[in-house]
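Position 1 is the first residue of the sequence; numbering continues from there. Keep in mind it's a predicted model, so treat the numbers as computed, not measured.
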Amino acid sequence: MNDAVVDDPLDDFERRLITLRETQKAVWVTGSGPAVIVLAEMPGISPQVARFARWVRDAGFTVYMPSLFGRDGAYPLAGEGRAVMQRACVSAEFRAFAANASSPITQWLRALASLAHQECGGPGVGAIGMCFTGNFALGMMLERAMLAPVLCQPSLPLNDPGGLEISPAEVAAVRTRLEREDLTVLAYRFEGDRFCTAQRFQAYSAALGERFVARVLPSSAAHPNPPPFFAEVVGSPHSVVTAHLIDAAGEPTLAARDEILAFFSQRLRRDNPLTGE
């Protein structure tokens, strides 16, 4: 589906309206097993994001994919995507330019993680954030049910290449929890990404130490013909497991996908010895 210029009807997902913290959002749900929250990249739940969600589902998980911005299922065109990004950048939910401050949306997402754990059971919940939402999976670690955070090309704050989109107090609390419970954070970026820079990964490493496990893919591993939004607006290798993934054996992006699925299995499966059951 990486090259298909069509919208995704998402007709194999259930669209649920979920109210948490007095705020209602649509959440697309599919699958069975422990819960994994898939947070879409800019400009929204594209066919490529939905494809990744299906891979998570087919690996034996219940996917919760909240609609945070954009038109759900839309193929990422440049003009529409640029308009979505402009609206998100001024939204109080995201604080796209605020270094050392957490986006308010992470509080809603923590509540979603708690609900998903109640509904699906298992040792806990996983989450993957991408691009605009890349760091949200880290902030969600303040919810006890969250066990498996993945950060793909975390891009906020947009105006500070070495900044972190989380408050110092929260990142300290997350590090304490990671060390106490022997947990890790997986993170991915392309070497030439102009939104998720080497400086940002260095900042994460400084904040989280050995608990931050970084994977940097060569720019040559990115899909050469991504959808228009990524070709014209993003303008660099960026989306490791979605728009710039090459779905072919031996490709580094496909290996990244497989590592993420294995990470979720390791942390969330009851029959895995590492979960203690």
Which heavy atom of [X] sits nearest to which heavy atom of [Y], and what is that distance?
{"X": "G129", "Y": "A137", "answer": "N-CB, 4.0 Å"}
{"X": "V234", "Y": "F230", "answer": "CB-O, 3.4 Å"}
{"X": "A207", "Y": "V171", "answer": "CB-CG2, 3.9 Å"}
{"X": "M65", "Y": "A53", "answer": "SD-CB, 3.9 Å"}
{"X": "F97", "Y": "N159", "answer": "O-OD1, 3.3 Å"}
{"X": "P123", "Y": "L268", "answer": "CD-O, 3.0 Å"}

Side-chain heavy-atom pair [X], [Y] within 4.5 angstrom cut-off:
{"X": "T253", "Y": "F190", "value": "yes"}
{"X": "S265", "Y": "F61", "value": "yes"}
{"X": "L10", "Y": "D72", "value": "yes"}
{"X": "C152", "Y": "I128", "value": "yes"}
{"X": "F229", "Y": "L77", "value": "no"}
{"X": "R51", "Y": "D8", "value": "no"}
{"X": "I246", "Y": "H244", "value": "no"}
{"X": "F263", "Y": "T184", "value": "yes"}

Spacing of [X] atom [atom1] and [Y] atom [atom2] [to the nearest 0.5 Å]:
{"X": "L142", "Y": "L109", "atom1": "CG", "atom2": "CG", "answer": "12.0 Å"}
{"X": "H117", "Y": "L112", "atom1": "NE2", "atom2": "CG", "answer": "13.0 Å"}
{"X": "R177", "Y": "L183", "atom1": "CZ", "atom2": "CG", "answer": "6.0 Å"}
{"X": "S102", "Y": "M140", "atom1": "OG", "atom2": "CE", "answer": "13.0 Å"}
{"X": "L261", "Y": "D58", "atom1": "CG", "atom2": "CG", "answer": "9.5 Å"}
{"X": "D160", "Y": "R200", "atom1": "CG", "atom2": "CZ", "answer": "6.5 Å"}

- Item | Residues L68, I105; criterion side chain to side chain contact (heavy atoms under 4.5 Å, CB included); working and verdict | CA-CA 9 Å; L68 301 179; I105 189 64; 4.2 Å; yes
Quick one: does any side-chain atom of [X] pair with a main-chain N or O of [Y] as donor and acceptor, under 3.5 Å?
{"X": "E143", "Y": "A145", "result": "yes"}
{"X": "E14", "Y": "T30", "result": "no"}
{"X": "T197", "Y": "R194", "result": "no"}
{"X": "N135", "Y": "P154", "result": "no"}

- Query: Using the ring of each side chain (for Trp, its six-membered ring), is F132 parallel, tilted or perpendicular to F94, with breaks at 30° and 60°?
  - Reply: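 Perpendicular, since the angle between the ring planes exceeds 60°.
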- Flag if over 12 foreign heavy atoms under 6.0 Å of CD, E210: no
- Item | NZ/NE/NH1/NH2 to OD/OE distance under 4.0 Å, R110 and E170 | yes
- Determine, for R71 against E80, whether the closest basic-nitrogen to carboxylate-oxygen distance falls under 4.0 angstrom. yes
Quick check with a 6.0 Å cut-off and a 45 degree axis cone: is [X] positioned over the face of [Y]'s six-membered ring?
{"X": "R54", "Y": "F13", "answer": "no"}
{"X": "R189", "Y": "F201", "answer": "yes"}
{"X": "R16", "Y": "W28", "answer": "no"}

- Task: Walk me through it: do T106 and W108 pass the test side chain to side chain contact (heavy atoms under 4.5 Å, CB included)?
- Result: CA-CA 5 Å; T106 56; W108 193 92; over 6 Å; no
- Message: Does H238 form a side chain to side chain contact (heavy atoms under 4.5 Å, CB included) with S155? I'd like the steps, not just the answer.
- Response: CA-CA 10 Å; H238 180 65; S155 301; 3.2 Å; yes
- Task: Kindly write out the residues that satisfy salt bridge (charged side-chain N to carboxylate O under 4.0 Å, His left out) with E232, not counting sequence neighbours, or none if the list is empty.
- Result: none
- Sequence neighbours excluded, the answer for salt bridge (charged side-chain N to carboxylate O under 4.0 Å, His left out) partners of R144 is none
- Tell me, please, which residues at least two apart from E259 pass side-chain hydrogen bond (donor to acceptor under 3.5 Å, both in side chains). Y188, R215
- Full working for side chain to side chain contact (heavy atoms under 4.5 Å, CB included) between I18 and K25: CA-CA 6 Å; I18 295 178; K25 293 187 180 296; over 6 Å; no
Going by atom type alone, with no hydrogens or angles, which donor-acceptor pairs under 3.5 Å involve a side-chain atom of residues 34-46 and a protein atom two or more places apart or on another chain?
unit_1: E41; atom_1: OE1; unit_2: Q153; atom_2: NE2; d: 3.4
unit_1: E41; atom_1: OE1; unit_2: S239; atom_2: OG; d: 2.8
unit_1: E41; atom_1: OE1; unit_2: T242; atom_2: OG1; d: 3.1
unit_1: E41; atom_1: OE2; unit_2: T242; atom_2: OG1; d: 2.7
unit_1: S46; atom_1: OG; unit_2: Q48; atom_2: N; d: 3.3
unit_1: S46; atom_1: OG; unit_2: Q48; atom_2: OE1; d: 3.4
unit_1: S46; atom_1: OG; unit_2: V49; atom_2: N; d: 3.1

- Query: Taking only residues two or more places apart in sequence, or in another chain, which ones meet A111 in a side-chain contact (heavy atoms from CB on, under 4.5 Å)?
  - Reply: L20, R21
- Item | Counterpart residues, ring-ring contact (aromatic ring centres under 6.0 Å, His included), relative to Y204 (two or more places apart) | F212
- Query: What's the verdict on salt bridge (Lys or Arg N to Asp or Glu O under 4.0 Å) for R211 and E179, showing C-alpha distance, side-chain angles and the deciding distance?
  - Reply: CA-CA 7 Å; R211 300 292 161 178; E179 293 175 346; 5.3 Å; no
